[in-house]
Amino acid sequence: MTSYLTSQVTTGAAPWGTRPRAANRPVRWAADVVSAMREGARLRLDYGAPSLWRVDRTIEEIGREGTPYAAVEGVLRGFGAYAGEVIVRQTGAEWWVSGGEYLIRTPDDRLWDPIEEARRCFAGQGSLRLLCQDAAAERGAGG
């Protein structure tokens, strides 16, 4: 998958210059969840890595309440997009679309799926905070 996506790279775009077209939807989803959480849950999200701890706790609470997945699918997508934007801003990563899925490609060519990680978090098996921590870590560091 990495080689396929890497072959689709468009060169010359600076991380904070023109955003890739693939970023349009996830950026909007992230902004929507930031606004909804601020207004509805009084949860302030600032696109900083520490805020992902609060996002993980919020997703876990939703899951513990027994909320059906179908009822929160859009919110989970928004939380995943938010985590992806945190990674983009921390690492200079880019959004990619592959097979209809929105992924993050960090500058070291690693791929991450924060939207799927939000779903895993809802199921009690993931963490957006840890995903961001792993994505921001230098590849091969400590080894």
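- Here CG of D46 is found 12.0 Å from CZ of R38. Values are rounded to the nearest 0.5 Å.
- Although no hydrogens or angles enter the test, the distance criterion places no donor-acceptor pair under 3.5 Å between the side chain of S98 and the main chain of E101.
- The CZ atom of R54 sits 12.5 Å away from the CE atom of M37 when rounded to the nearest 0.5 Å.
- Counted by atom type alone, Y102 and R77 present zero donor-acceptor pairs between their side chains at under 3.5 Å.
- Ionic pairing of E61 and R57 is not present here: no N-O contact between side-chain nitrogen and carboxylate oxygen is shorter than 4.0 angstrom.
- Aromatic rings of Y82 and W29 (six-membered ring for Trp) have centroids beyond the 6.0 Å cut-off, not under it.
- Checked by atom type and distance alone, the side chain of T67 never pairs as donor or acceptor with a backbone atom of G63 at under 3.5 Å.
- In this structure, S35 contributes its side chain and A31 its backbone to no donor-acceptor pair below 3.5 Å.
- Summarising the geometry, atom CG belonging to L52 is positioned 8.5 Å from atom CG belonging to L131; distances are rounded to the nearest 0.5 Å.
- Atom CD in Q125 sits 9.5 Å away from atom CD in E117 (nearest 0.5 Å).
- The two residues T106 and D108 have their closest heavy-atom pair at OG1-OD1, 2.6 Å.
- Between G80 and P114, the shortest heavy-atom distance links the atoms O-CB, 3.2 Å.
- No donor-acceptor pair under 3.5 Å is formed between the side chain of R105 and the backbone N or O of R110.
- Here the side chain of E94 pairs no donor or acceptor atom with the backbone of V88 at under 3.5 angstrom.
- Under the 3.5 Å distance criterion, the side-chain polar atoms of D113 are left unmatched by any main-chain donor or acceptor of L103.
- For the atom pair I59 CD1 and F122 CZ, the distance stands at 9.5 Å (nearest 0.5 Å).
- At a cut-off of 3.5 Å, with distance as the only test, a side-chain donor of W95 or E85 sits close to an acceptor on the other residue.
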